Amino acid sequence: MVAVAVRQPSSVVGSLRLRDVLSQLSLGRQDVSEASGLVNNVVSQLIQAIRSKDGTFNSIERLGAGSYYERVKTSEPNEFDIMLVMPVARLQLDESDDTGAYYYLTFKRNPKEKHLLEFLDEDGKLSAFKMLQALREIIKREVKHIKHAEVTVKRKKAGSPAITLEIKHSTTEISVDIILTLEVQQSWPPSTQDGLKIEQWLGTKVRRDFRNKSIYLVAKQNKEEKVLRGNTWRLSFSHIEKAMINNHGQSKTCCESDGPKCCRKACLKLLKYLLERLKMEHTKELEKICSYHVKTAFFHSCAMWPNDTDWHLGDLDHCFQKYLSYFLDCLRKSELPHFFIPKYNLLSQQDKASSNFLSRKINNQLNNRFPIFQESYCKQCL
DNA sequence: AGGAGCTACACGAG
DNA sequence: CTCGTGTAGCTCCT
């Protein structure tokens with residue numbers, strides 16, 4: 001009786017059950033076991049080699065990041081993000097542009113970490129390019145010694161913070177992004193002051209705790225720069241994002257075995273999947289849009305609808321629609337503020353064509369009961 | 001470093 | 001659908 005009243009009329013999506021779509025997206029136990037085994041073996045061996053090398057990287061720690069470790073990976077465990085976190089005592093951050101996300105790094109005094117001196121460029125700025133290159137060389141040398149799987153290092157992408165590995169073993173193909181990350185224990189820069197608006201959602205204490213955590217910087221070059229000099233770094237909040245997704249409830253017990261079940265992660269998974277599928281069909285047109293846009297819109301949605309009751313598992317269709325409508329708004333306006341750096345727009349005017357294109361495609365899906373969700377899932381197409 | 005204890009999740013049985 | 005079980009990952013402890 002109650003169950004009938006609670007069940008959605010599915011006005012949004014007609015006869016399509018989002019629950020059924022969602023169940024197609026979960027990772028198989030066997031696949032996870034196989035993939036994690038391979039990845040963990042390879043990464044452990046690499047870390048051992050990187051640490052033992054010459055002292056440069058001997059203090060790195062491993063941190064799983066991104067969708068696999070946030071448990072919102074869809075379809076297959078075939079992409080892993082691993083941050084190699086390197087503590088640095090003191091750094092001076094100077095904004096490299098007006099985004100508030102990209103910085104030049106210098107040492108106020110001589111660094112405690114003497115081995116970092118060799119990575120300074122002519123101006124005394126820490127060179128992301130040089131550090132990444134050194135790490136890349138160690139990894140390239142070490143993968144040759146890996147026996148239990150076929151591991152190759154993919155070609156360098158300009159300005160990318162990642163060293164991408166490809167692991168092949170029988171029928172499995174996995175890509176692992178290794179991301180060199182600097183960790184500095186100092187207060188967050190001014191550009192983040194008005195970001196992370198989670199007071200209503202996770203609370204003021206949680207916000208304070210987050211902002212007391214270290215700053216992470218990754219070796220990412222700013223594309224706006226006229227010449228890629230390889231000496232800018234970008235703030236990364238992967239550690240905070242992971243903490244928010246894995247502990248996403250307003251109440252402590254949200255989604256725990258004896259607590260209320262919410263559909264926040266379900267919504268994120270669905271929109272991630274929708275974008276993935278659309279990107280497969282329209283690779284070129286959607287070049288500028290990535291899963292981080294979806295994730296950012298997700299955090300804004302969580303902040304806008306902070307209550308666990310706003311995300312009842314039984315209201316999946318309705319919740320997904322609200323989240324989707326907000327994302328469409330962002331696309332139409334070509335305005336999506338970085339969740340931690342509000343003045344930094346992730347959908348700049350140059351991306352307007354992509355934004356408009358995606359907005360049209362999503363509207364089309366919405367008005368036709370998501371045909372792309374109903375096509376049978378094909379592994380080879382991924 | 002290694003392990004105990006915990007959680008989230010997939011999945012099979014009923 | 002609900003429940004029990006097994007596994008990966010994480011935290012905390014020594």
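Given the structure is predicted, the values throughout are model-derived calculations rather than measurements. Numbers restart at 1 for each chain; the letters A, B, ... are given by sequence-line order, proteins then strands.
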J.: Distance check needed: C/dC10 C1' versus A/Glu61 CD, whole Å only.
T.: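 Value for this atom pair: 14 Å.
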
J.: Inspect the contact between A/Lys154 and A/Glu166 and indicate whether a charged nitrogen and a carboxylate oxygen are less than 4.0 angstrom apart.
T.: yes

J.: Only counting residues at least two apart or in another chain, list the ones meeting side chain to side chain donor-acceptor pair (under 3.5 Å) with A/Glu287.
T.: A/Lys284

J.: Compare side-chain N and O positions of A/Asn40 against OP1 and OP2 of C/dG9 and report whether any pair is under 4.0 Å apart.
T.: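 For C/dG9, OP1/OP2 do have a side-chain N/O of A/Asn40 under 4.0 Å.
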
J.: We want to know whether A/Thr172 and A/Glu34 form a side-chain donor-acceptor pair, criterion being a heavy-atom distance below 3.5 angstrom.
T.: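 There is such a pair (donor and acceptor under 3.5 Å, judged by atom type) between the side chains of A/Thr172 and A/Glu34.
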
J.: Return the value, rounded to whole Å, for the distance between atom NE2 of A/His239 and atom P of C/dC10.
T.: 15 Å

J.: Going 5' to 3' along DNA chain B, which nucleotides are the first and last within contact of chain A (any atom under 4.0 Å from a heavy atom)?
T.: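 Contact boundaries, 5' end first: B/dA8 to B/dC11.
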
J.: Please report the distance, rounded to the nearest Å, between CD in A/Glu256 and P in C/dC10.
T.: 17 Å

J.: Given that A/Arg51 and A/Cys255 both sit by DNA chain B, which one's nearest nucleotide is further toward the 5' end?
T.: A/Arg51

J.: Taking distance alone, no hydrogens or angles, what donor-acceptor pairs closer than 3.5 Å link side-chain atoms of residues 178-194 of chain A to residues at least two apart or in another chain?
T.:
from	atom 1	to	atom 2	distance (Å)
A/Thr181	OG1	A/Ile179	O	3.1
A/Glu183	OE2	A/Ser214	OG	3.1
A/Gln185	NE2	A/Ser214	OG	3.2
A/Gln186	NE2	A/Leu91	O	2.9
A/Trp188	NE1	A/Lys213	O	2.9
A/Ser191	OG	A/Gly100	O	2.8
A/Ser191	OG	A/Tyr103	OH	3.1
A/Thr192	OG1	A/Pro189	O	2.7
A/Thr192	OG1	A/Arg211	NH1	3.3

J.: Between C/dA8 and A/Tyr69, is there an OP1 or OP2 to side-chain N/O distance shorter than 4.0 Å?
T.: no

J.: Taking the side chain of A/Arg29 as heavy atoms from C-beta outward, which of C/dG6, C/dA8, C/dC10 is closest to it?
T.: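 Selected nucleotide (nearest to the side chain): C/dG6.
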
J.: Within the structure shown, what part of the strands sits under 4.0 Å from A/Lys73 by heavy-atom distance: base, sugar-phosphate, or nothing?
T.: nothing

J.: Identify whether the distance between the nearest side-chain nitrogen and carboxylate oxygen of A/Asp98 and A/Lys343 falls below 4.0 Å.
T.: no

J.: Verify whether one side chain among A/Ser127 and A/Asn231 offers a donor that lies under 3.5 Å from an acceptor in the other.
T.: no

J.: How close or far is atom P of C/dT7 from atom CD of A/Glu34, stated in whole angstroms?
T.: 15 Å

J.: Going through the distances and angles, do A/Tyr273 and A/Phe373 end up as a ring-ring contact (aromatic ring centres under 6.0 Å, His included)?
T.: CA-CA 9 Å; A/Tyr273 182 59; A/Phe373 280 161; 5.8 Å; yes

J.: Please classify the nucleic acid contact of A/Lys265 as base, sugar-phosphate, or nothing, using heavy-atom distances under 4.0 Å.
T.: sugar-phosphate

J.: When the distance from CG of A/Asp258 to P of C/dT2 is rounded to whole Å, what number comes out?
T.: 15 Å

